There are 2 protein chains.
Amino acid sequence: MLHFGEMGSRWGINRTVGQVYALLYASQAPLSADEIVAALGVSRSNVSMSLKELQSWELVRLQHLPGDRRDYFSTPDDIWQIVRTLAEQRRKREIDPTLSVLRGLIVTQPGSEADEYAQQRLQQMHDLIELLVQWADEVQRLNTKELVQLLRLGSKVVGLLELKNKLPGLGRGLRRQPAETDAQPD
Amino acid sequence: MLHFGEMGSRWGINRTVGQVYALLYASQAPLSADEIVAALGVSRSNVSMSLKELQSWELVRLQHLPGDRRDYFSTPDDIWQIVRTLAEQRRKREIDPTLSVLRGLIVTQPGSEADEYAQQRLQQMHDLIELLVQWADEVQRLNTKELVQLLRLGSKVVGLLELKNKLPGLGRGLRRQPAETDAQPD
DNA sequence: CCGAACTTTCAGTAATTTTTGAAATTACTG
DNA sequence: CAGTAATTTCAAAAATTACTGAAAGTTCGG
């Protein structure tokens, strides 16, 4: 648990938040705030804040047990779902704002040659981030099984790509969203 | 620049370090420590420490201009190289230690049923991280052009995968490291 | 609408991290 | 090798972030 607290803090996540999440993740039954307090030895209010933070990231589920007024918290069973949520939230909070800052800087009139170079560099960064985001977006939509398959394949895909180029006639069959009209070739 | 300082601190990177890197990234000519001080308005010693940090991450290159005793710093021209270095370093510093902690926990004798569940969960996490790391490793080896192609392809690869399954006879042709002997099928 | 059970808020304090200036070190020049 | 330029180290100050206990808030059965 401690290790995940540490790790959290290296990735910009509060230590207690990391510990609470690790605990919930590893626990089969949902836990109440008091149980977390007992397990981690931190104050009740700290746990309350950490849970609120985790809720704002949509990383925990709040549920009630019948005949019990306390809040119980748990994490999704599918760990890939956790990864998806994490990616989605980080994107919304950090990536998207960064992209808009970059876009803002790129469209301003350069005041010097140095500015021009800087803009070109920022454009590169912008395009890179956008490419990664689009990739993540698409991959996000796959179900867990397909996702694992895709990752297992790794860079071998490049080989497949060459194959595809050699067999252009099969190209159309590969599209996930078939372009029915030939009006707009890519 | 300020934005990247902020962003850095959300990802576990010191604010000044982020600003220094952003400055170097956007600058065509290599910069000396004093130039960075002038541009960012932070203390000389802070810049020195930040540069040392960046050097320890292998993210900046130190070079000397002829007839000038000062150290000049710059970033790689290829932004994908930066991403590769970043991934490599984070892996070494954070992912690998986490994997060993996980392995350590997984092999201990479970003391209870709850332990058993926890171990199973940790195993899932371990396998997930390992899969991602292996994927990253393979993709890492691609050159920039291939990498971009692969990412552009995104989840369409799943479609290719299906194609491959339909044409098993072509399978061998796809390998990057051809297995010449048929002794060890996968 | 009371009171018990539970949760959240918040101001103050503690802990951690970042930044700095001064001093020490290193590297180079003539 | 003395002198100077450049860099690094380090202890202390400043800033930030995390944590706590006390108090306020909420919910719900009776």
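In this text the structure is predicted, and so the values were computed from the model without any measurement. A note on names: the letters A, B, ... follow the listed sequences, proteins ahead of strands, and every chain is numbered from 1.
Judged by closest nucleotide on DNA chain C, Asp68(A) is the one of Ser9(A) and Asp68(A) placed further toward the 5' end. Taking for each of Arg15(A) and Gln55(B) the nucleotide of DNA chain D with the nearest heavy atom, the 5'-most of the two is the partner of Gln55(B).
We find that CZ of Arg70(A) is positioned 18 Å from P of dA4(C), with the value rounded to whole Å. Rounding to whole angstrom units, NE2 of residue His64(B) and C1' of dT26(C) are separated by 12 Å. What separates CZ of Phe73(B) from C1' of dT8(D) is a distance of 11 Å, to the nearest Å. Per the geometry, OH belonging to Tyr72(B) stands 11 Å off C1' belonging to dA6(D), to the nearest Å. Rounded to whole angstrom, the span from the CG atom of Asn14(A) across to the P atom of dT16(D) amounts to 18 Å. The CD atom of Glu6(B) sits 13 Å away from the C1' atom of dA15(D) (whole-angstrom rounding). Note: CD1 (Ile36(A)) to C1' (dC19(D)) measures 16 Å, nearest angstrom.
The side chain of Ser43(A) approaches dT20(D) more closely than any other nucleotide in the set dT20(D), dT7(C), dT9(C).
The phosphate of dT7(C) (OP1 or OP2) has a side-chain N or O of Arg44(A) nearer than 4.0 angstrom. For dT8(D), the OP1/OP2 oxygens have a side-chain nitrogen or oxygen of Ser48(B) closer than 4.0 Å. Distances shown here put a side-chain N or O of Lys52(A) below 4.0 Å from the OP1 or OP2 atom of dT9(C). Thr16(A) has a side-chain polar atom (N or O) that falls below the 4.0 Å cut-off from OP1 or OP2 of dC19(D). Put simply, Ser45(A) has no side-chain N or O that comes within less than 4.0 Å of OP1 or OP2 on dG21(D).
Within the nucleic acid shown, Ser32(B) has no heavy atom closer than 4.0 Å to any nucleic acid atom. Base engagement by Asn46(A) is indicated by at least one non-hydrogen atom pair under 4.0 Å involving a base atom.
Across all strands shown, dC28(C) forms a Watson-Crick or G-U wobble pair with dG3(D), both key distances being under 3.5 Å. For dA4(C), the paired base is dT27(D) (Watson-Crick or G-U wobble, both distances below 3.5 Å). When Watson-Crick and G-U wobble pairs are counted only if both distances are under 3.5 Å, dT17(C) pairs with dA14(D).
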Given Thr75(A) and Arg61(A), is the side-chain contact (heavy atoms from CB on, under 4.5 Å) satisfied, shown in steps?
-> CA-CA 6 Å; Thr75(A) 65; Arg61(A) 203 156 47 104; over 6 Å; no
Output, in order, the C-alpha distance, side-chain angles, deciding distance and verdict of side-chain contact (heavy atoms from CB on, under 4.5 Å) for Val20(A) and Leu31(A).
-> CA-CA 10 Å; Val20(A) 169; Leu31(A) 298 179; over 6 Å; no
Do Phe73(A) and Leu54(A) pass the side-chain contact (heavy atoms from CB on, under 4.5 Å) test, and can you show the C-alpha distance, the side-chain angles, and the key distance before you say yes or no?
-> CA-CA 10 Å; Phe73(A) 297 89; Leu54(A) 287 169; over 6 Å; no
Run the numbers on Met125(A) and Leu102(A) for side-chain contact (heavy atoms from CB on, under 4.5 Å), then give the verdict.
-> CA-CA 8 Å; Met125(A) 186 187 294; Leu102(A) 287 173; 4.2 Å; yes
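Side-chain to base pairing of Arg69(B) with dA5(D): one donor and one acceptor N or O lie within less than 3.5 Å of each other.
Rounding to the nearest 0.5 Å gives a distance of 9.0 Å between CD of Glu116(A) and CD of Gln109(A).
In this structure the side chain of Met7(B) never reaches within 4.5 angstrom of the side chain of Val101(A), judged on heavy atoms.
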